[in-house]
Colleague: 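Attaching a single structure in structure tokens format; questions to follow.
Below, read A as the first sequence line, B as the second, and so on, with proteins coming before strands; counting in each chain starts at 1. Reckoned from all heavy atoms, side chains included, excluding hydrogens, waters and symmetry mates.
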Amino acid sequence: MSFLADNLLNPPLLFFILGMAAVLVKSDLELPQPFPKILSLYLLFAIGFKGGVELSHSGVTPRIAMVLGAAVMMALVVPVYSFFLLRGRVGVDNAAAIAATYGSISAVTFITAGAFLNATGIGYSGYLVAAMALMESPAIVVGVLLYRMARRERSAAEKTDWPALLRDSFFNGSVFLLTGSLLIGAATGEKGWEAVSPLTDGLFKGVLCLFLLDMGIVAARRLGVIRKAGLFLAGFSVGVPLVNAALAIGLSRLMGLDRGDALMFTVLCASASYIAVPAAMRLAVPKANPSYYVTMALALTFPFNVLVGIPICFAVISRLWG
Amino acid sequence: MSFLADNLLNPPLLFFILGMAAVLVKSDLELPQPFPKILSLYLLFAIGFKGGVELSHSGVTPRIAMVLGAAVMMALVVPVYSFFLLRGRVGVDNAAAIAATYGSISAVTFITAGAFLNATGIGYSGYLVAAMALMESPAIVVGVLLYRMARRERSAAEKTDWPALLRDSFFNGSVFLLTGSLLIGAATGEKGWEAVSPLTDGLFKGVLCLFLLDMGIVAARRLGVIRKAGLFLAGFSVGVPLVNAALAIGLSRLMGLDRGDALMFTVLCASASYIAVPAAMRLAVPKANPSYYVTMALALTFPFNVLVGIPICFAVISRLWG
Amino acid sequence: MSFLADNLLNPPLLFFILGMAAVLVKSDLELPQPFPKILSLYLLFAIGFKGGVELSHSGVTPRIAMVLGAAVMMALVVPVYSFFLLRGRVGVDNAAAIAATYGSISAVTFITAGAFLNATGIGYSGYLVAAMALMESPAIVVGVLLYRMARRERSAAEKTDWPALLRDSFFNGSVFLLTGSLLIGAATGEKGWEAVSPLTDGLFKGVLCLFLLDMGIVAARRLGVIRKAGLFLAGFSVGVPLVNAALAIGLSRLMGLDRGDALMFTVLCASASYIAVPAAMRLAVPKANPSYYVTMALALTFPFNVLVGIPICFAVISRLWG
Amino acid sequence: MESVKRVEIVTVAVERAALLAALERAGAPGYTVLRHAEGFGNRGHRGADELTDVFENVYVLVACTQDVAERIAAAVRPILNKFGGVCLISDAQSVRS
Amino acid sequence: MESVKRVEIVTVAVERAALLAALERAGAPGYTVLRHAEGFGNRGHRGADELTDVFENVYVLVACTQDVAERIAAAVRPILNKFGGVCLISDAQSVRS
Amino acid sequence: MESVKRVEIVTVAVERAALLAALERAGAPGYTVLRHAEGFGNRGHRGADELTDVFENVYVLVACTQDVAERIAAAVRPILNKFGGVCLISDAQSVRS
Ligand SMILES: Nc1ncnc2c1ncn2[C@@H]1O[C@H](COP(=O)(O)O)[C@@H](O)[C@H]1O
Ligand SMILES: Nc1ncnc2c1ncn2[C@@H]1O[C@H](COP(=O)(O)O)[C@@H](O)[C@H]1O
Ligand SMILES: Nc1ncnc2c1ncn2[C@@H]1O[C@H](COP(=O)(O)O)[C@@H](O)[C@H]1O
Ligand code: NA
Ligand code: NA
Ligand code: NA
């Protein structure tokens, strides 16, 4: 279990725990709004730009296209099986919202995994950032489709505003900034990188510490609501990411990814969205209860992944890859 | 036209376009307030400090004094001719406000031109930052003077609060911070520079990307209002900067500036203010319509200058200077 | 007096003066909220992390333990003598609040002293950051204890909510972040430092400039309220820090601190809190008037210390230490 | 002074644009918007401390005639039903030159 | 439409959590909170431009029944006495489906 | 409980200082200020998303006597005429100890 302890000596992780501790001891520590939103925009900008610059070196090879395809496939499959697992227990609305949540991804989990890898001296390829951008939206559409199909018979009156939904899914602020930065990074390459890297690279880890401090505060505050979700959903929040991780590790092996890329691909599949998806669900499935799906993603799956999931996946991958 | 395409491979410019695109596709991307204001304070602080440090090296030579004089002269002349061009068309109030807008300068246009120059491997002298600081306020005073003269006969009741106006013109936040940073940079020289340059120099281009992303969003949102302004004002927004640029290029040649300095001087003359001037005009000429003058400066002249004006001016200067 | 002039050529100091000047000339310059709070969180994070990393090198030696003990002792003694000095003049409530204010510390004064030292080429030891963290809270508790003792006879009804008070004293946001960053810095050592130092070290001085600019604005705005405080309290705001500084210099000599550490220890004792203490006093001694204690700390003691106190103390220490 | 209706609406922040468009269609002569409102109601606590706007509210104030107020009420009701919130109508005097 | 009481409270920001808890205990069916209010009153100017929250206020709006409004008034009074601020009660019509 | 007038004013943010000074001169016993208000009115949309404060509004609430309310109305009118905005006066009960 030493890899778990190692993970905990990472400054970003320790700041996450510090944030949780602040709530526990009822400290009034908080990062005033809109500072957390700004940090989150910064992280998307930085990770997108970097990924784009690396893509400009590698180009899009058939191997890369295959991985991107696999990523989108996972983003489509996960919400389907999740939905059928859930609908009997929590109703169609919540099932659709939770399914979308787990099909989509969490950029901060990805970034934290990158920092973890980095600390072990391993890197990962830039196209995985493209995979992340591609995985963010489709699960939302699948979730809403499943919801509409299950609802069809009942309410003809209630109608989904598809243009608005697609806009919210594909052009929502975080997806848009990530994709835009990726494209600009790819277009400007090494020259662009030189210009922005003191901001996007130099400060990255320090900013991640501050952001995870805030995530710790927000996650711990939400923990109080978890009892409402009940044991089944709590189990889901940990179990489904593990299943998805197992699938992803298998796929990575099949596709011949190296250890770093395999971990990052796995983390994408295992993570759950708490930024893009809730925003879309409010509109498309307004009766789904955000106290369920946001709390699960933010207060259970995210901490589980960053504290335990990432090092476990890495240990498994390291062992399998030999 | 390859210089136009080159300009577009600059990351800051691409982020400006990304911001416009976000509005176009109705993405909800936005930099939450007061982040844009903070970025703008940062840019003034950084550019001012740097200019001051360079001034501390060069000192104020007669040649520099001459250029500063020419800069102030342009800031006085441009609003006068603009006013008489405009008053028949849009009335005295709007004419005064627009005149002041085009006589004053836009720091972000200046900064973007600096980044453009930088990408071509050319620098510019620090005293041009002093020229910028000197050009920001006089046009405001001229605009209001012209307005008072034209109005004299009609309304004796309505009175300009000159102390407030002068305060708003010369001590308004952005002028004050720019000038103050310049003076502090000049006073502390190389030693001060060492202390602050990781912030003011290292991060500069990256921050400029984020700021132009916001400018793109704001400019595109304002574009909707442009129809109100009509064809005459739209033509003015592009034509007058070109005329001013031509004048400035001529003056630069006369004064024997080198290519980099000539471009920066030209950009000062060709740019229009959307921060300092509107703040002062609200008070002094409250009946002028900000939908006109702010929209023209922000949604037409600024994009025109950064996308097209700067590279064109540079091409012309490069050709003339041989 | 050349050391005073030298101090004034420090960029952070000059920005403090620029902020005061902005208020004087009625400029509308301001750093929009919550930017100043963010800068202040950044400074605590950076200084705490750095101190922790250095502590991870030195460990806690008996000598360090002794200095930490002396620091806490000063934080307990200063409010006691201050209280008895004050209660006859300003009543029990205000006396308690002011006493706590002067027993506690101001992180920004400490940081400014660090930048001052740095400019003279001298460093200081990381454990002094721990001393700062330890001195922040005890004075609050002492102040409230004195208040309760003096009040006992009169109002049995009015009761102090001790759990809330202790929480506010020891877990208030700034204390918590400083201590947490210190511990994380100590835990992750050199490796953690590498990850975060571009943010925490590279940008430190530049950020300090911006923060002091805001402090200058806030302090100057508060200066208007100072007449209310009267001559006695104005004298107290300057005299008591000087007395505390003299005591601290003596103690430093006794404990054999080197020049840098002596200055920093002295500055801790001489500074007064305007962040942690007022927050706690509002609750515990709500009838104390913040126009007194906040104004004294922020608009008199802070400017006095950064402009005059630090260089004087350093001159005295340099002479005594020979 | 002129008698007017004060209409106040609180609802989820993500519906801001839709709400304002509805107000303009209903003939509101103007409105004032305060963003970043927190709240509590049937749908639990809405914190304004999140990374997304989903848990944020918006507060809007409209001064208008009785007529327009009724049209606003009708326009706002489906939004409140779908997304939650409140709409209060009270009386006031408007100071005008 | 249903007749309700509008209760508005302004007090110091550091008491926000305590105030909201008191409102919930008094039976408020909901409330809306606007932070970062500045102000002026018996305790002088409160600027919201400080480095601490001590000089900041919070504004809270509650729509409720007459009954609950009275209980809120009783719950809020000691807070106002200790920390300052105001509490206003007025009449409104609530638009509900 | 005491009957008071609630005076609400919305105008351009750049006039904040002048407005507050006018309120104090008119005898307002206190006021509460909410900055960063957006809005719409005769002068179009005012976005609060700009780089300058020019397109931002400020909201001010005053609880006062009828008398003071009238003096405030008189003091505010020229500001509204010059810079735009609204001023609403309504009735409320003030909870005081
Ligand atoms: N009775 C109330 N008084 C004031 N604000 C309310 C009330 N009920 C709901 N709200 C506001 O409307 C939002 C959504 O309400 P709800 O849909 O009931 O959860 C809440 O978060 C509050 O900001
Ligand atoms: N008459 C009033 N009208 C509106 N707000 C008030 C009034 N009096 C006090 N306040 C608000 O309550 C806060 C505290 O009031 P006080 O305790 O009287 O200083 C002030 O800073 C204002 O925000
Ligand atoms: N009828 C109204 N109801 C609420 N707020 C208004 C109204 N009319 C104007 N305002 C506010 O006052 C500001 C200036 O108004 P105006 O001068 O009419 O453009 C607007 O941006 C709104 O914030
Ligand atoms: Na996933
Ligand atoms: Na110009
Ligand atoms: Na002290």
Colleague: Taking ring-ring contact (aromatic ring centres under 6.0 Å, His included) as the test, write out the residues that go with B:Phe49, two or more places apart.
Modeller: none
Colleague: In Å and rounded to the nearest 0.5 Å, what is the CG to CG distance from B:Leu183 to C:Leu18?
Modeller: 8.5 Å
Colleague: For C:Leu208, is it the side chain, the backbone, both or neither that has a heavy atom under 4.5 Å from a heavy atom of chain B?
Modeller: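 No part of C:Leu208 comes within 4.5 Å of chain B.
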Colleague: Can you say whether C:Ala21 sits under 4.5 Å from chain B via the side chain, the backbone, both, or neither, judging by heavy atoms?
Modeller: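 For C:Ala21, heavy atoms of backbone and side chain both lie under 4.5 Å from chain B.
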Colleague: Are the side chains of B:Ile38 and C:Leu31 in contact, using a 4.5 Å heavy-atom criterion?
Modeller: no
Colleague: Shortest non-hydrogen contact from B:Leu41 to C:Pro32?
Modeller: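 Closest pair (atom of B:Leu41, atom of C:Pro32, distance): CD1-CD, 3.7 Å.
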Colleague: Is the shortest heavy-atom distance from the side chain of C:Leu213 to the side chain of B:Leu177 under 4.5 Å?
Modeller: yes
Colleague: Measure B:Leu203 against the heavy atoms of chain C and call it side chain, backbone, both or neither at under 4.5 Å.
Modeller: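 Just the side chain, heavy atoms under 4.5 Å.
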Colleague: Taking only residues two or more places apart in sequence, or in another chain, which ones meet C:Cys209 in a side chain to side chain contact (heavy atoms under 4.5 Å, CB included)?
Modeller: B:Phe45, B:Val196, C:Pro11, C:Pro12, C:Phe15
Colleague: Compile a table of inter-chain donor-acceptor pairs under 3.5 Å between chain C and chain B, counting both main-chain and side-chain atoms.
Modeller:
residue : atom : partner  : partner atom : Å
C:Ser27 : OG   : B:Phe171 : O            : 2.5
C:Asp28 : OD1  : B:Gly173 : N            : 2.5

Colleague: Among all residues two or more places apart in sequence or in another chain, which pass the ring-ring contact (aromatic ring centres under 6.0 Å, His included) test with B:Phe204?
Modeller: none
Colleague: Pick whichever of C:Gly19, C:Pro198, C:Gly202 has the most heavy-atom pairs under 4.5 Å with chain B.
Modeller: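 Heavy-atom pairs under 4.5 Å are most numerous for C:Gly202.
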Colleague: Please determine, among C:Val25, C:Leu14, C:Leu9, the option with the most heavy-atom pairs under 4.5 Å with chain B.
Modeller: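 The option with the most such pairs is C:Val25.
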